[in-house]
Amino acid sequence: VNFNLAGEYAYSFHNSLMFSGKVTYTADLTTQCTSDGDCDDGSFCNGQETCNLGTCESGTAPTCTAPNDTCSDALGACVSCLSEVDCADGNLCNGIETCNASGQCVAGTAVTCGDTIACTVDFCTPSTGLCTSSPNHLLCDDGEYCNGAETCDTVNGCQDASPIICSSPMPFCSEPLDQCVKCLSNSDCDDGDMCNGGETCNVSGQCIGGTPIDCNPTETPTKSPVTPQPTTPAPTSDLTPNPVTPAPTNGLTTLAPATNGPTTLAP
């Protein structure tokens, strides 16, 4: 250890001033230590001091890595925390983290959000740790269009809606089409007039007019097809006509019947 002492001194002898002036004293102790313990400053985090040939030398600070990336002089070790601030992750929804006596972070108790309303979605806000409930109307939907759209109330749960009101010219509510239409069946289209045909309701809920009834139909005569008949040739005879023998006529001409031959006049 080197040190300097400085000061002004006055020396007297028998109350007589002998001399005065500024005197500086310097002391030089060449031996600082005999062991490492003589050099230890009590701090773990700046390394272990050593005694080298009577001279104290500084130690090498320990290297702390995650998760124990903080040096604790009190514990003489690398730890994960020195206080709760070192453990906070900024998310209050998973609880408030704490630092235990061993310098280790301990997880907090997560916030539980939930109510008795089945149609709400409950969630925690990380910055505040508070729970919020949001209505989800789809959870109340019964799949029916004509009875209206159900809603979710954050206090009373699912609420029924008012039925869909359809009016002319679309007086009927259609579940399959999810809209108001002119008809649901053929009877909805019937105008009570038989003569203009039977009205029908198509798949789009629209009325289609019928075909008027024709009370005076005009018939077009039709001819029956004639089937040609085969022609039969006249029969031919192989007989030779008999000659006609004139009979006595006494001067009169007599016609004799001819057999299988031409008629011959008698002279």
Side-chain angles (χ1 to χ4, degrees), residues 1-8 22 24-143 149-159:
V1 179
N2 295 319
F3 60 90
N4 294 322
L5 299 176
E8 293 184 358
K22 184 176 182 180
T24 300
Y25 298 91
T26 301
D28 185 9
L29 303 178
T30 57
T31 301
Q32 297 177 343
C33 61
T34 58
S35 66
D36 292 343
D38 297 334
C39 301
D40 190 357
D41 63 359
S43 175
F44 167 80
C45 294
N46 63 3
Q48 180 63 55
E49 295 80 16
T50 58
C51 180
N52 184 19
L53 300 176
T55 302
C56 288
E57 295 181 352
S58 299
T60 300
T63 300
C64 296
T65 57
N68 297 318
D69 55 2
T70 302
C71 186
S72 171
D73 274 330
L75 296 174
C78 290
V79 295
S80 65
C81 62
L82 298 177
S83 67
E84 278 73 13
V85 175
D86 299 328
C87 299
D89 61 1
N91 182 2
L92 296 178
C93 291
N94 61 7
I96 299 176
E97 296 76 19
T98 57
C99 181
N100 66 14
S102 300
Q104 301 300 311
C105 287
V106 179
T109 302
V111 176
T112 301
C113 293
D115 53 26
T116 58
I117 306 302
C119 63
T120 59
V121 177
D122 309 310
F123 58 92
C124 178
T125 303
S127 61
T128 63
L130 300 178
C131 293
T132 302
S133 296
S134 177
N136 185 345
H137 303 302
L138 292 178
L139 296 177
C140 297
D141 189 359
D142 64 358
E150 295 76 18
T151 57
C152 175
D153 184 271
T154 56
V155 176
N156 299 312
C158 289
Q159 302 296 303

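Not measured: the values here are computed from a predicted model.
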- Query: For residues Asp115 and Thr120, is any side-chain donor paired with an opposing acceptor at under 3.5 Å?
  - Reply: yes

- Item | Polar side-chain atom of Asp86 near backbone of Ser83 as donor-acceptor pair, under 3.5 Å | yes

- Task: Could you tell me which non-hydrogen atom of Cys71 sits nearest to which non-hydrogen atom of Pro62, and how far apart they are?
- Result: SG-CG, 4.1 Å

- Show the numbers, then the answer: is there a disulfide bond (SG atoms under 2.5 Å apart) between Cys105 and Cys81? CA-CA 6 Å; Cys105 287; Cys81 62; 4.0 Å; no

- Task: Evaluate the pair Cys39, Cys56 and indicate whether the two SG atoms are within a distance below 2.5 Å.
- Result: yes

- Query: After noting the C-alpha distance and the side-chain angles of Cys124 and Cys93, does the key distance pass the disulfide bond (SG atoms under 2.5 Å apart) rule?
  - Reply: CA-CA 6 Å; Cys124 178; Cys93 291; 2.0 Å; yes

- Message: Quick one, Asn68 and Gln104 - any side-chain contact, counting heavy atoms below 4.5 Å?
- Response: yes

- Item | Atom pair CD (Glu84) and OG1 (Thr98), whose distance is rounded to the nearest 0.5 Å | 6.0 Å

- Check Asn156 against Asp153 and note the closest heavy-atom contact, atom names and distance. N-OD1, 2.8 Å

- Message: Testing the basics here: between Glu97 and Asn94, what is the closest heavy-atom pair and its distance to 0.1 Å?
- Response: OE2-OD1, 3.2 Å

- Are any side-chain N or O atoms of Ser80 and backbone N or O atoms of Gly103, one a donor and one an acceptor, separated by less than 3.5 Å? yes

- Between OG1 on residue Thr125 and CG on residue Asn91, distance to nearest 0.5 Å: 10.0 Å

- Query: Considering only the SG atoms, does Cys113 lie under 2.5 Å from Cys131?
  - Reply: yes

- Query: Can you tell if the side chain of Asp36 reaches within under 4.5 Å of the side chain of Glu49, non-hydrogen atoms only?
  - Reply: no

- Among Leu138, Asp142, Leu139, side-chain contact (heavy atoms from CB on, under 4.5 Å) partner for Glu150: Asp142

- Query: If you look at every heavy atom in Ile117 and Val155, which pair is closest and at what distance?
  - Reply: CD1-O, 3.1 Å

- Message: Could you check whether atom CD1 of Ile96 has more than 12 heavy atoms from other residues, nucleotides or ligands sitting under 6.0 Å from it?
- Response: no

- Minimal non-hydrogen separation, Cys33 against Asp38, with atom names: CB-CB, 3.5 Å

- Cys140 vs Cys152, disulfide bond (SG atoms under 2.5 Å apart): CA-CA, chis, key distance, verdict: CA-CA 6 Å; Cys140 297; Cys152 175; 4.6 Å; no

- Atom OG1 in Thr50, atom CG in Asp40: separation rounded to 0.5 Å? 11.0 Å

- So do Leu92 and Val111 actually touch side chain to side chain, heavy atoms under 4.5 Å? no

- Where is the tightest heavy-atom contact between Ser72 and Phe44, given as atom of each residue plus distance? O-CD2, 4.0 Å

- Is there a donor in the side chain of Ser133 and an acceptor in the side chain of Asp122, or the other way round, less than 3.5 Å apart? yes

- Please confirm whether the backbone N or O of Ser43 pairs with a side-chain atom of Asp73, one donor and one acceptor, at under 3.5 Å? no

- Query: Out of curiosity, Gln32 CD to Asn52 CG, how far, rounded to the nearest 0.5 Å?
  - Reply: 10.5 Å

